[in-house]
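Just below is one structure, and these are the notes that go with it.
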Amino acid sequence: MASTAEEIARLRGTRPASLKDLLVDASFSRLWRAMLVSSLGDWVGFVAVAALVANIGGKRLGGLAVAGVMMARLLPSVLFGPFAGVFADRFDRRKLMIGADISRGLLYGAMPFLPGLGYIFLVSFFIECLSLLWTPAKDASVPNLVPRRQLANANSVSIITTYGTLPLGASIFTLLTGFGDALGSHIHVFHARPEFLALWLDGITFFFSARMVWGLDLRQNLTAKVRAKQTPRLNFRSAFDEIRQGYRFLRDHPTVRAMTLGVVIAFAGVGSVISLGPVFTRFSLHAGPTGFGFLITAFGVGMAAGIAATNYLSRMLEKDRVFFLSMLGAAACLFLIASMPTIGLASLFTVPMGVAVGLTWVTGYTMLQENVSDEFRGRTFATLNVWARLALFVSLVAFPALSAALGPDHTLTIGSHVLDLSGTRMALYIGGLVVVFAAAAAGRGLKRSRLARPRPLGLSLRGPRKELSGVFIAFEGVEGAGKGTQIERARAYVESLGRQVVVTREPGGTDLGDRLRETLLSPMTGTLDPRTEALLFAATRAQHVMTVIRPALQDGKVVLCDRFIDSSIAYQGVARGLGEQDVLTLNAWATQGLFPDLVVLLHLDPEIGLARAKAHDSPDRIESEDLEFHARVADAYLKIADEHPDRFAVIDAMGTPEEVQARVREAIDRVLQSERPPP
Ligand code: TYD
């Protein structure tokens with residue numbers, strides 16, 4: 001059993017999404033090291049600040065002081081969270097992350113010298129604002145950093161890194177404070193602040209993170225560069241407008257809305273377990289004082305397993321199914337746990353509940369990254385970040401309150417059975433109901449978007465690929481990259497090797513194709529709906545493959561094609577925003593699974609390319625799109641090439657035609673050598 005995406009990826013020769021590949025990827029491993037070290041530091045710092053203010057507050061005010069820090073950490077979510085998203089969409093995310101890291105490092109470093117509680121609250125507030133900038137900038141960058149198929153893995157790694165470092169962080173804190181205490185008796189300034197070492201360590205981890213992020217290549221470069229030049233200056237009013245646009249996007253996009261809701265509810269679920277757990281284990285399950293720790297550990301273990309299993313599972317089942325089913329699964333487990341008489345039985349369902357929550361979390365994140373275009377991604381993740389925190393906070397307060405309001409002692413007698421219906425159990429049932437409603441709402445939203453999605457109508461693959469003895473080479477690139485010249489030179493070269501060559505192009509290559517080319521490219525056609533455009537390109541391609549390309553390949557010829565499927569993915573899927581997977585699925589059907597053996601990608605800065613193209617001819621309908629559109633195409637090509645290292649040859653088109661030709665020749669030699677000799 002495999003998902004559609006997985007089947008097509010296999011046909012297309014997409015690099016498999018293994019965890020090892022992800023972790024050795026130069027860019028992701030930099031981000032990962034940054035996350036690992038700074039999350040660890042963050043937990044150390046989190047505990048250290050709480051200990052510091054408790055210390056300063058003393059016996060009488062210590063508890064209040066800790067509550068104050070928590071407030072100072074929560075308040076920025078409400079006040080600043082939405083703006084953080086606008087920043088993450090507006091500015092260079094890499095610079096934003098570096099700036100936030102350095103500032104947090106400095107603020108933590110200064111913490112031991114602050115004169116009073118008020119200052120510490122203020123600094124905590126600012127640190128949290130900076131974290132609110134960093135996190136959505138990171139979440140929004142991940143899709144630019146790793147191939148699309150690695151997103152689930154990347155999210156699993158990122159979530160486990162962020163939260164899994166908590167226990168280690170707490171132990172490091174204990175060690176450092178002991179050491180700091182000893183030092184404090186020698187160094188007077190630190191006498192009252194034994195936490196200073198822990199705080200400084202946290203500061204240093206942020207500098208390390210900044211150093212790692214510095215070296216990142218976020219690969220949104222061309223598009224971001226163009227957009228930065230075009231967008232008007234940011235002011236208070238325009239920021240509000242952009243926040244509103246972000247919310248509108250979220251509201252109007254059923255998949256995005258469903259995913260956000262799901263992740264937020266998953267957080268509330270975690271909140272209900274944490275807040276009701278202690279009372280539930282003690283009084284409803286009659287477990288000893290260690291009962292709660294046991295339950296939470298079981299939950300944590302399950303969650304880690306769920307998070308780790310997402311990528312594997314989503315290869316077999318569509319992600320929206322995984323998401324919906326895991327939400328329902330979590331609710332079912334919550335009901336079961338709430339009904340159990342003993343801790344042993346309850347813990348049996350705590351592990352699967354953790355698994356379900358972990359699955360919901362990662363699939364939700366991954367689907368958001370897949371479905372939200374780069375320009376809205378910062379805001380979407382900022383919103384998610386804010387709502388998830390609020391949901392966690394509200395459920396931490398609301399569930400115990402609900403349980404108290406319902407009262408501790410209710411029983412229901414059915415025959416000789418006495419059912420214990422304490423307030424805690426009832427509150428857990430209500431929590432389960434909320435999850436069921438949320439799952440139903442998410443399921444409805446997803447169904448609506450699924451109905452609208454083109455599904456493959458089956459690939460009957462006229463004979464397996466290996467029966468086609470020819471070699472299929474496509475040339476791709478932005479406008480003006482010089483494909484035409486290079487294809488002619490490639491033809492002469494391949495013919496000189498004694499092979500028969502067919503040169504063709506898309507749209508075109510057949511009578512119908514030439515007629516549709518006229519329509520598709522003529523400025524007189526005006527604006528086409530993106531779907532119409534994608535279908536027309538796919539229609540010409542279907543005709544082209546069946547009547548020209550396949551027969552030529554069957555005869556053992558070498559086909560050189562000016563543009564193919566990857567044009568549709570870059571232009572319609574990415575630049576027009578239809579979604580890569582949908583356009584890929586449509587085209588896999590149109591070509592019945594035929595993909596090129598080699599794609600020669602002539603890479604060029606689109607600004608230079610457009611100028612070249614326009615110098616030759618008056619611009620056609622697609623060339624007339626703005627520079628940002630073409631930058632998106634260029635970025636998309638590079639990402640596709642990244643996912644298909646064996647199939648793509650990325651060639652810098654800036655050189656002289658002879659230099660470029662030499663590189664194209666190398667790539668062609670490689671693919672011809674690996675082919676069987678012609679019959
Ligand atoms: P192009 O190949 O650049 O021809 P010329 O160099 O003669 O202008 O023109 C084809 C245009 O069609 C180009 O702008 C890209 C666009 N296109 C798509 O948007 N999707 C597709 O699937 C294909 C094949 C082309």
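We count ligands from 1, going down the list as the structure has it; atoms in each ligand are counted the same way.
Of all protein heavy atoms, the one closest to atom 20 (N) of ligand 1 is Gln572 OE1, 2.8 Å. Of the protein's non-hydrogen atoms, Leu521 CD2, 3.6 Å is the one closest to atom 11 (C) of ligand 1. Among all protein heavy atoms, the one lying closest to atom 16 (C) of ligand 1 is Ile622 CD1, 3.7 Å. The protein non-hydrogen atom at the shortest distance from atom 14 (O) of ligand 1 is Glu479 OE2, 2.7 Å. Atom 25 (C) of ligand 1 has as its closest protein heavy atom Phe537 CE2, 3.4 Å. Scanning all protein heavy atoms for the shortest distance to atom 6 (O) of ligand 1 gives Lys483 NZ, 4.8 Å.
Near Glu506, meaning under 4.0 Å from one of its heavy atoms, ligand 1 places the atoms 24 (C). Per-residue contacts place Glu623 under 4.0 angstrom from the following atoms of ligand 1 (heavy atoms of the residue considered): 8 (O).
Judged by distance alone, with hydrogens and angles left aside, the side-chain atoms of Gln543 form no donor-acceptor pair with the main-chain N or O of Thr510 at under 3.5 Å. A donor-acceptor pair under 3.5 Å links the side-chain atoms of Asp605 to the main chain of Glu607, judged by distance alone.
The side chain of Arg563, and not its backbone, has at least one atom closer than 4.0 Å to an atom of ligand 1 (non-hydrogen atoms only; side chain from C-beta on). When non-hydrogen atoms are compared, ligand 1 lies under 4.0 Å from neither the backbone nor the side chain of Leu520. The side chain of Asp620, and not its backbone, has at least one atom closer than 4.0 Å to an atom of ligand 1 (non-hydrogen atoms only; side chain from C-beta on).
In this structure Arg244 satisfies the salt bridge (charged side-chain N to carboxylate O under 4.0 Å, His left out) test together with Asp241, sequence neighbours excluded. Residues satisfying the ring pair (Phe, Tyr, Trp, His ring centres under 6.0 Å) criterion with Phe87, sequence neighbours excluded, are Phe91.
In terms of N/O distances under 3.5 Å, ligand 1 is approached by Arg541. For Ser568, a nitrogen or oxygen atom sits less than 3.5 Å from a nitrogen or oxygen atom of ligand 1, counting backbone and side chain alike.
Of the residues Arg489, Glu666, Gln486, the one that meets the side-chain hydrogen bond (donor to acceptor under 3.5 Å, both in side chains) test with Gln661 is Arg489.
Checked for salt-bridge contact, Arg491 and Glu488 meet the test: a charged N lies under 4.0 Å from a carboxylate O.
The side-chain tip of Arg541 points at the ring of Phe564 from less than 6.0 angstrom away and within 45° of straight on.
By the 30° and 60° cut-offs, the orientation of the rings of Tyr571 relative to Tyr637 is perpendicular.
Applying the 6.0 Å contact sphere to CD of Glu495 captures more than 12 heavy atoms from other residues, nucleotides or ligands.
Looking at Arg505, Arg517, His544, Arg621 and measuring to atom 7 (O) of ligand 1, the nearest heavy atom belongs to Arg517.
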